[in-house]
Amino acid sequence: MAGLDLDWISVSDEVYQSGSVSKAAERLGVAQSAASTALNKLRRHFDVRLFTPTAQGLLPTPRAQELDPV
């Protein structure tokens with residue numbers, strides 16, 4: 001298993017706060033595709049879905065809340 005990349009955590013934290021991969025990418029100054037890729041790598045690392053899409057945006061799953069309690 002690949003090691004955990006701290007950039008993935010930064011993306012996850014921004015998505016957690018903003019509810020949007022696009023907004024997170026903008027805040028971090030990276031492309032939306034790069035943020036999405038980082039989030040997918042983090043999901044694979046923990047082998048669990050971290051966010052659920054809703055009409056209000058991406059909401060953290062219980063596992064994401066355990067990993068990043070804001």
> Shortest non-hydrogen contact from R49 to T61?
Replying inline: O-OG1, 3.0 Å
> Could you state the interatomic distance from CG (D13) to CG (L28), rounded to the nearest 0.5 Å?
Replying inline: 8.5 Å
> Can F46 and L4 be said to form a side-chain contact (heavy atoms from CB on, under 4.5 Å), step by step?
Replying inline: CA-CA 9 Å; F46 287 110; L4 183 62; 4.3 Å; yes
> If you measure from CG on L39 to CD1 on I9, what distance do you get to the nearest 0.5 Å?
Replying inline: 10.0 Å
>> Is there a path of hydrophobic side-chain contacts, each under 4.5 Å between heavy atoms of I/L/V/M/F/W/Y residues, joining V11 to L59?
In response: no
> Side chain of S12, backbone of W8: donor and acceptor closer than 3.5 Å?
Replying inline: no
> Are the side chain of N40 and the backbone of S36 linked by a donor-acceptor contact shorter than 3.5 Å?
Replying inline: yes
>> Run Q65 and Y16 through side-chain contact (heavy atoms from CB on, under 4.5 Å) and show every step you take.
In response: CA-CA 9 Å; Q65 291 172 356; Y16 194 108; 3.4 Å; yes
>> Applying salt bridge (Lys or Arg N to Asp or Glu O under 4.0 Å) to R63 and E66, what does each step give before you reach the verdict?
In response: CA-CA 5 Å; R63 181 64 174 138; E66 291 172 5; 3.1 Å; yes
>> Using only atom types and a distance under 3.5 Å, with no angle test, would you say the side chain of S18 pairs donor to acceptor with the backbone of E14?
In response: yes
